[in-house]
Amino acid sequence: MTTVRTRFAPSPTGMIHLGNIRTAIYAWLYARHNNGQFVLRIEDTDLERSTQAATDMILESMDWLGLNYDEGPIYQTHRLDHYREIAEQLIEKGLAYRCYCSKERIDKLREKQMINKEKPRYDSCCREKNLPTRDEPYVIRFKNPTKGIVEFIDQVQGHLSFQNTELDDLVIIRSDRYPTYNFSVVIDDNEMCITHVIRGADHINNTPRQINLFKALDATPPTFAHLPLILGNDGKLLSKRHGAVNVMQYRDEGFLPEAMINYLIRLGWSHGDQEIFSRQEMIDLFDIKDVNKAAAAFDINKLLWLNRHYIKTLDPLYVAQYLAHQMVKLNIDITDGPDLTQIVLAQRERCETMQEMAAKSRIYYEDEYAFAEDAKKHLNLEIVPVLKALREQFNNLEDWTEEKLHEIINTVAEQFGLKLGKVAQPLRVTLTGGTFSPPIDVTLKLVGKKRTLARLVKAILFIA
Ligand code: GLU
């Protein structure tokens with residue numbers, strides 16, 4: 001049996017869109033499910049639009065999501081001479097030709113065709129002229145078959161067929177000697193022994209051209225699977241209008257890779273009504289044939305729900321790495337406060353993103369904090385003796401454990417004939433400035449003895 005080989009072949013011409021990364025995930029999963037191989041190829045032949053920053057972003061996204069590749073990154077710009085050579089070979093075999101038509105001629109032709117309501121296409125003017133190289137710019141065009149149909153069974157879309165008369169003679173080498181996408185992609189998919197091409201449905205119309213090129217190269221075309229596009233909540237193609245579409249933005253906003261992958265695989269694929277998938281389950285269960293043909297709609301609330309789930313359930317030590325990243329981004333000195341794992345344990349039930357967790361945890365690392373506007377509701381003259389009593393007891397406490405702290409709050413509440421909440425809430429406002437925080441003993445533990453004592457003084461002064 002042949003080994004399944006898939007690839008992700010992004011063009012580094014901008015940010016990496018959620019649709020692109022879902023393609024990468026499906027191609028990766030399909031290879032892993034079949035014990036195959038996954039190749040990363042950077043299609044950087046569009047010199048004007050390709051940037052190193054975009055390439056770096058692709059590599060970072062793959063790394064963040066744990067989409068490991070068996071080969072690559074392979075850069076098409078390292079193979080330019082090879083594409084040119086193959087184009088020359090096709091000319092020699094009579095399967096391609098040099099075309100010297102000027103831009104003006106092509107523009108005029110298109111204009112005329114538009115006026116006549118015809119589909120703009122090259123009229124094959126140079127096709128049979130067998131023109132040699134001359135000292136003027138030319139392109140190399142593929143002699144697309146003029147008759148017959150191209151058909152294939154798409155693993156997602158089903159049977160597709162195209163008339164060759166609909167396809168014109170495609171430019172394979174541009175006048176700047178760079179190959180076009182349709183040409184280099186075929187050479188690479190062929191030479192890299194790709195068995196399954198999994199990509200966005202926006203490439204469906206390129207596929208018949210590519211199949212003709214495979215045939216011209218005496219190669220068997222791979223199996224194709226074109227994934228439906230992703231829509232926004234209004235049914236229109238997902239774009240910036242709907243919020244972030246850049247994968248890296250989700251990382252930066254504190255989504256965990258587990259949530260992102262889980263969310264994206266379910267966007268167009270399902271296994272019964274199961275929502276949560278471990279990495280191994282995805283690999284075991286995924287099949288490209290189960291991908292929906294219909295476009296899927298992006299739903300940020302579901303992504304947030306998954307993120308909350310993974311924040312709550314993953315190993316706190318692991319989650320703490322992402323917290324550290326977010327804290328550093330917020331310029332919080334994480335060496336001056338509790339261990340980050342403790343923060344994760346205390347905060348994980350109450351945060352949707354790691355960014356939110358970091359922002360809500362600043363008070364455990366910094367001395368400066370502000371009282372909320374309604375703080376005076378809890379911090380009033382009657383509470384001053386309670387705060388003083390707490391301060392005294394905390395000051396004498398050697399063993400700063402949740403248990404002991406809890407005992408002190410109980411004792412002080414009893415001493416003043418108050419319910420526990422009537423002591424805990426003013427103390428919470430004292431420690432954090434606001435009324436939301438983990439349970440009071442946990443909050444005290446996180447704030448630590450030194451800061452707790454200082455904050456009690458600050459609160460008393462605030463009241464006075
Ligand atoms: N470089 C193409 C893109 O980014 C790849 C398409 C393909 O997978 O063939 O759209």
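These numbers come from the heavy atoms of this one structure, side chains and all, not from hydrogens, waters or symmetry mates. What you see is a predicted model, and the numbers here were worked out from it, not measured in a lab. First listed ligand is number 1; within each ligand, the first listed atom is number 1.
- Judged by the 6.0 Å and 45° rule, R5 forms no cation-pi pair with Y30.
- Remark: minimum distance from atom 10 (O) of ligand 1 to any protein heavy atom is reached at H203 NE2, 2.8 Å.
- Counting the atoms of ligand 1 from 1 in the order shown, those under 4.0 Å from a heavy atom of Y181 are 2 (C), 5 (C), 6 (C), 7 (C), 9 (O).
- The aromatic rings of Y138 and Y100 sit tilted, their planes meeting at an angle between 30° and 60°.
- Residue E43 has at least one heavy-atom neighbour below 4.0 Å for each of these atoms of ligand 1: 1 (N), 2 (C), 5 (C).
- Between F298 and Y263, the ring-plane angle classifies as perpendicular under the 30° and 60° cut-offs.
- Under a 4.0 Å criterion applied to the non-hydrogen atoms of R7, ligand 1 contributes the atoms 7 (C), 8 (O), 9 (O).
- Using a 30° and 60° split on the angle between ring planes, F286 and Y26 fall in the tilted class, from 30° to 60°.
- Contacts of S11 with ligand 1, taken as heavy-atom pairs under 4.0 Å, involve both backbone and side chain.
- Ring planes of F224 and H226: parallel class, angle under 30° (limits at 30 and 60°).
- When side chains are defined from C-beta on, I173 does not count as touching V139, because their heavy atoms never get closer than 4.5 Å.
- Ranking protein heavy atoms by distance to atom 5 (C) of ligand 1, first place goes to A9 O, 3.0 Å.
- Using 4.0 Å as the threshold, F8 has no heavy atom nearer than that to any atom of ligand 1.
- For ligand 1, the atoms lying closer than 4.0 Å to a non-hydrogen atom of V185 are 9 (O).
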